[in-house]
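These notes concern the structure reproduced below.
Only a predicted model underlies this, so the values are computations on that prediction, with no experimental measurement involved.
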Amino acid sequence: MGNKENELNPHKRFVMYRYPKQSAIHILTPQKIQYLTSIEELSKIEKGFVFAPFNTENEPIIIFTDCKHNEYEPSKYGNAISISERNNQITDSYATDFKAFKSAIQNKKFSKIVLARTLEVEVNSAPINFFTDACETYPNSYIYLFVNDKDIWFGATPEILIEGDAEKMHTISLAGTMLRGYDLPDISAWDNKNMKEQKIVTDYILSQIQPFSTDITTTGPYSVPAAHLIHLRTDISFKITKNILPQIIAALHPTPAVCGLPKNESIDFITKNEHIKREYYAGFLGWYSPSEQTQLFVNLRCMKWIDTKKVRLFSGGGILAESELESEWAETENKMRTLLNLSSFQAKS
């Protein structure tokens, strides 16, 4: 597809987002759009809003540029959560995929690999209502609504890919999941499977950063809340001496938190063996400006509109040798509940 640029009708393309632990809502309306076929091509971009796929060989990176920026403080919407009830039996396609993915682990092809699935649900509420519900319900998540003509995506992700300015950068290793109780658990409460998964992701991120920086510090792992879930998190901060941000992003994405190890072999296996098409799920998005401030997030806890009355939700989990079908399915169910519990899903026509 190459690097192409189009003039736009600004009313059909915009992005709304709210940063974690902030209240201000940002709205960007682009005057131009660019499509890139590789992360390295970000070196051609001065600044803009990035919406990148899991695999750039299948979908392009979308860049909103020359954006008009508006910011406002939202009014309060009250409690926006409502517990969902539905049939949640393991599907045949997921069971088939799980068997193939675990077999690959047992055959030593991968140390970890992430299996994803989708769920299609009818809706009677407008996309903006999901956005405002999530802003009210999940203060610690990055909330977004991305509209590119007929393509509409929405999400409430807890995971940073990379953030910082021209010299100081920060990323996280977010791996390991369990349901949230009243208190955040001590590190000793996590089982071996989750601790192993966290270490795999952390070690990978450190190995990818080390060629670009010798000044690296880590904090963690420790427990963090994400909606009704808890994850294991390690913070990683580092300094860079020159504009090498596209190379660092290319080295990191996709991390083992959404892909697997070895990376390239995992991408190929996922593409050939998953029943679903990930598209922009497990990709990354956010404001990109290497000479100023960049804040990119992993596209998790997300969904896309199939038509005006139906959405497709995405969810995944890491498969290790210790993984069991029922527990992995339950983890994907629990992650989908982040969106399914929003009151907009219970809206009546």
Side-chain angles (χ1 to χ4, degrees), residues 19-20 36 38-45 47 50-56 61 110-114 142 157-177 187 194-224 226 231-267 270 282-300 316 318 320:
Y19 287 116
L36 310 180
S38 72
I39 293 173
E40 287 79 6
E41 287 184 82
L42 285 171
S43 61
K44 304 174 184 177
I45 305 300
K47 60 183 177 181
V50 177
F51 198 71
F54 171 73
N55 186 354
T56 56
I61 300 172
F110 310 101
S111 57
K112 174 195 174 178
I113 192 163
V114 173
Y142 177 81
T157 177
E159 185 168 349
I160 299 164
L161 178 66
I162 193 166
E163 63 180 359
D165 54 28
E167 295 182 353
K168 298 178 181 178
M169 305 303 297
H170 169 249
T171 185
I172 67 170
S173 166
L174 196 72
T177 303
I187 196 71
N194 281 292
M195 292 297 293
K196 181 179 177 181
E197 193 172 351
Q198 163 64 208
K199 187 176 187 305
I200 288 172
V201 177
T202 301
D203 288 349
Y204 165 84
I205 292 174
L206 290 172
S207 71
Q208 298 304 98
I209 291 173
Q210 284 167 353
F212 303 102
S213 177
T214 57
D215 189 356
I216 304 172
T217 59
T218 63
T219 304
Y222 58 97
S223 301
V224 292
H231 297 300
L232 276 170
R233 168 171 168 164
T234 298
D235 287 272
I236 303 168
S237 300
F238 57 100
K239 295 181 180 179
I240 55 177
T241 57
K242 54 183 178 180
N243 182 18
I244 53 173
L245 188 54
Q247 295 96 307
I248 296 174
I249 296 170
L252 288 175
H253 175 74
T255 76
V258 297
C259 183
L261 281 177
K263 180 167 78 170
N264 291 333
E265 290 84 349
S266 296
I267 293 172
I270 288 168
F284 62 90
L285 73 157
W287 184 252
Y288 174 83
S289 180
S291 63
E292 298 172 330
Q293 192 76 19
T294 292
Q295 288 181 285
L296 300 177
F297 295 81
V298 182
N299 196 11
L300 304 176
L320 301 177

Worksheet, complete the sentence: Taken to the nearest 0.5 Å, the spacing of K263 NZ from I113 CD1 works out to 14.0 Å
Item to complete: Scan I172, T171, V201, T202 and name whichever one has a side chain to side chain contact (heavy atoms under 4.5 Å, CB included) with T234.
Response: T202
Worksheet item: Which is it for L232 and T177 under the side-chain contact (heavy atoms from CB on, under 4.5 Å) test, yes or no, and what are the steps along the way?
Response: CA-CA 7 Å; L232 276 170; T177 303; over 6 Å; no
Worksheet item: Is any side-chain heavy atom of T218 closer than 4.5 Å to a side-chain heavy atom of D235?
Response: no
Worksheet item: Taking only residues two or more places apart in sequence, or in another chain, which ones meet S266 in a side-chain hydrogen bond (donor to acceptor under 3.5 Å, both in side chains)?
Response: none
Item to complete: Return yes if some donor-acceptor pair links the side-chain N/O of H231 with the main-chain N/O of G176 below 3.5 Å, else return no.
Response: yes
Worksheet entry | I61 side, atom CD1; L42 side, atom CG - distance, nearest 0.5 Å | 5.0 Å
Practice prompt. Test side-chain contact (heavy atoms from CB on, under 4.5 Å) on M169 and L245 and set out the steps.
Written response: CA-CA 9 Å; M169 305 303 297; L245 188 54; 3.7 Å; yes
Worksheet item: What closest approach, in Å, do F238 and S213 show between heavy atoms, and which atom pair accounts for it?
Response: CB-OG, 3.7 Å
Discussion item. I need the minimum non-hydrogen distance between C259 and I270, along with the two atoms involved.
Written reply: O-CD1, 3.9 Å
Worksheet entry | Contact summary for P256 and L261, nearest pair of heavy atoms | CG-CG, 3.7 Å
Item to complete: With the side chain counted from C-beta on, respond yes when F297 and P158 share a heavy-atom pair under 4.5 Å apart, and no when they do not.
Response: no
Worksheet item: For the atom pair OG1 (T294) and CD (E163), what is the distance rounded to the nearest 0.5 Å?
Response: 10.0 Å
Fill in: Nearest heavy-atom neighbours spanning L320 and S111
CD2-O, 3.3 Å
Item to complete: List the steps, then state whether side-chain contact (heavy atoms from CB on, under 4.5 Å) holds for N299 with T157.
Response: CA-CA 6 Å; N299 196 11; T157 177; 5.6 Å; no
Worksheet item: Are side-chain N/O atoms of S237 and H170 paired as donor and acceptor at under 3.5 Å?
Response: no
Fill in: Y19: partners by ring pair (Phe, Tyr, Trp, His ring centres under 6.0 Å), with sequence neighbours left out
Y17, H26, Y142
Worksheet entry | Nearest heavy-atom neighbours spanning Y288 and I45 | CE2-O, 3.6 Å
Fill in: Rounded distance (nearest 0.5 Å) linking atom CG of L285 with atom CZ of F51
6.0 Å
Worksheet entry | Any donor-acceptor pair under 3.5 Å from Q208 side chain to A251 backbone | yes
Fill in: side chain to side chain donor-acceptor pair (under 3.5 Å), paired with S173, selected from E159, Q198, R233
Q198
Discussion item. Can you confirm whether more than 12 heavy atoms, excluding those of K199, are under 6.0 Å from its NZ atom?
Written reply: no
Practice prompt. Return yes if some donor-acceptor pair links the side-chain N/O of T255 with the main-chain N/O of L252 below 3.5 Å, else return no.
Written response: no
Practice prompt. With rounding to the nearest 0.5 Å, note down the distance linking CD1 in I236 to CD1 in I160.
Written response: 11.0 Å
Worksheet item: What closest approach, in Å, do P262 and F110 show between heavy atoms, and which atom pair accounts for it?
Response: CD-CD2, 3.9 Å
Fill in: Distance in Å, Q293 CD paired with D165 CG, rounded so as to fall on 0.5 Å steps
5.5 Å
Fill in: Under 3.5 Å: donor-acceptor pair, side chain of E292, backbone of S289
no
Worksheet item: Is the closest side-chain heavy-atom distance between V50 and L36 below 4.5 Å?
Response: no
Discussion item. Holding to ring pair (Phe, Tyr, Trp, His ring centres under 6.0 Å), I want the full list of residues that pass it with H253, two or more places apart in sequence or in another chain.
Written reply: F284
